[in-house]
Amino acid sequence: MKLTETKYQFLIQQYKNNIYSYALYMMKNRMDAEDISQEVLIKIWQNVGKFNILSAKTWIMRTTHNLCIDYLRKRQSSYSKEYSIDEEFLESFADGLEENNPLIKTHLKMMTDKVKEAIQNLPEKLKSVFVFYEIQGMKYREISKSLDVPLNTVKVNLLRARKKLQKELKHYERQEIF
Amino acid sequence: MKDKKFFEISAELMDRIISAAYGDAGFFEKMKIHKLAGEHSEVRELFDEFRNTANSVHSIKPDECPETVINNIKPVSKIESKSSSFMFDIYTAAFSRPAISALAVVILAAIVVLSVSLNNGSYNGYSREEIEKANLQTRQALALVSNIFSKTESSLKNDILVDRVSKPINTGMTTVNNLFIDKEKKNEN
């Protein structure tokens, strides 16, 4: 097997979930997220010999981010939210483990969904920094390179995103009460 | 009254509370915020709110990429999505945790350097003094041989070539010359 193929396979295994997950947060629907992931994976294959393996993450996430922005511009406001049945979630009720207690699991699932939705509703600039840092575990420097913004902007946007998210979740809580 | 004045929580303090709640702050900063939270309920409330959100956020894992996406790009890349080759394993081991790999290499290099420097005092079981002595003796022996060669050369040049080779040749040449001279004189007469 050629070294290029090995490198490509390694990159796919390592970053496919990060690519898809980021695209899903940005696009808010699975179809677009899958299309973007596919395009990014093809771009990696086309450029696999051109970039250093150690700086690959930054390159890949920048490409993903840029594609998401392109898609969002094309789509403009024709956004349709997707409601899908989580088959895995339904299947988990079948086994009688305590940790799979439907009540607890439903509550946790609702909480997670609520947080995910709140993250998705953040403004783009704040959301990209927040997802990179909190969900994908990237460093400030990596985010700065990926988004091509100064390091301080990353820090400021992350703080703003955290505050905004807190506000959004409070808003949800109030909606639940009333 | 004193508490109320202090706890119009400033924007700067709020930022510090958020950082501590999300786990970004350093150890001492966290301790400071915890101390403040213990003293003032407003700080405690704010800190707990942000920490709960942070915990929820951190419990979210990246969504898994569907296999269909990988399958769809196979015709373009013409390779399988999964691999179990030796090269792939090496690659994964080296680059999935580059810091750990680098650390392992540094440790290995350190062990090699250490073992070489430890063995430096006695090479193949000989001490440094023994090696130096042997080195000196070798130099002396070579100096003797060199001396013999230079003496031989000078005696060859000065004695053997001059007395044993040049002189007989000269004598022979003189004899032959004389013979020719005698014959010429006879012919003239």
Side-chain angles (χ1 to χ4, degrees), chain A residues 1-25 30 33-42 44-46 48 53-54 56 88 108 111-112 114-116 118-119 130-131 133-137 155-156 158-159 162-163 165-166 168-170, chain B residues 11-12 14-24 45-99 101-102:
Chain A
M1 188 168 45
K2 285 177 189 170
L3 196 67
T4 318
E5 288 176 12
T6 312
K7 187 176 172 184
Y8 180 63
Q9 283 181 359
F10 168 76
L11 291 174
I12 285 188
Q13 293 301 321
Q14 200 73 5
Y15 299 118
K16 63 178 183 183
N17 291 345
N18 290 17
I19 296 164
Y20 177 73
S21 179
Y22 183 77
L24 193 57
Y25 276 106
R30 292 181 189 279
E34 284 179 17
D35 287 348
I36 287 169
S37 303
Q38 221 161 283
E39 274 193 51
V40 174
L41 294 181
I42 290 168
I44 296 173
W45 173 246
Q46 288 166 343
V48 71
I53 190 89
L54 295 174
E88 205 177 289
L108 286 173
M111 278 290 292
T112 309
K114 202 195 288 178
V115 175
K116 274 187 174 180
I119 295 169
F130 189 84
V131 172
Y133 190 83
E134 302 291 359
I135 311 288
Q136 316 239 348
K155 289 178 184 174
V156 169
L158 181 66
L159 196 65
R162 284 168 174 175
K163 285 179 185 171
L165 184 72
Q166 198 68 23
E168 287 285 317
L169 289 171
K170 267 197 172 177
Chain B
E12 190 244 351
M14 190 165 177
D15 292 351
R16 285 171 58 200
I17 292 169
I18 295 170
S19 285
Y22 272 84
D24 285 354
E45 207 176 298
L46 197 65
F47 179 78
D48 285 344
E49 271 179 27
F50 275 99
R51 195 173 55 180
N52 287 339
T53 308
N55 287 340
S56 303
V57 169
H58 293 155
S59 70
I60 298 171
K61 287 169 189 162
D63 297 74
E64 277 189 26
C65 182
E67 274 304 304
T68 48
V69 174
I70 311 294
N71 291 336
N72 287 345
I73 57 154
K74 272 182 195 172
V76 180
S77 64
K78 291 172 186 169
I79 57 168
E80 296 298 313
S81 62
K82 281 185 179 176
S83 170
S84 57
S85 75
F86 177 69
M87 276 292 284
F88 182 76
D89 293 341
I90 294 285
Y91 223 83
T92 308
F95 291 109
S96 59
R97 296 276 181 274
S101 310

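Chain identifiers are assigned alphabetically (A, B, ...) following the order of the sequence lines, protein sequences preceding nucleic acid strands; residue numbering begins at 1 within each chain.
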Contact summary for Ser21(A) and Pro62(B), nearest pair of heavy atoms: OG-CA, 3.5 Å
For Lys116(A), salt bridge (Lys or Arg N to Asp or Glu O under 4.0 Å) partners two or more places apart: Asp63(B)
Tyr22(B) vs Leu158(A), side chain to side chain contact (heavy atoms under 4.5 Å, CB included): CA-CA, chis, key distance, verdict: CA-CA 11 Å; Tyr22(B) 272 84; Leu158(A) 181 66; over 6 Å; no
Closest non-hydrogen atom pair, Gln38(A) against Val69(B): N-CG1, 3.9 Å
Spacing of CG belonging to Leu159(A) relative to CD1 belonging to Ile18(B), to within rounding of 0.5 Å: 5.0 Å
Closest non-hydrogen atom pair, Asn17(A) against Glu64(B): OD1-CA, 3.5 Å
Pair Asp24(B) + Arg162(A): basic N to acidic O under 4.0 Å: yes
Point-to-point distance, once rounded to the nearest 0.5 Å, from CG of Leu169(A) to OG1 of Thr53(B): 5.0 Å
Atom pair NZ (Lys61(B)) and CD1 (Ile135(A)), whose distance is rounded to the nearest 0.5 Å: 12.5 Å
Interface moiety of Tyr22(A) toward chain B, non-hydrogen atoms closer than 4.5 Å: neither
Per-residue contact mode, Ile119(A) against chain B (heavy atom under 4.5 angstrom): side chain
Under 4.5 Å from a heavy atom of chain B, the part of Leu165(A) involved: side chain
Lys16(A), Glu34(A), Arg30(A) screened by side-chain contact (heavy atoms from CB on, under 4.5 Å) with Pro66(B), the one that passes: Glu34(A)
Gap separating the NZ atom of Lys170(A) from the CD atom of Glu49(B), nearest 0.5 angstrom: 4.0 Å
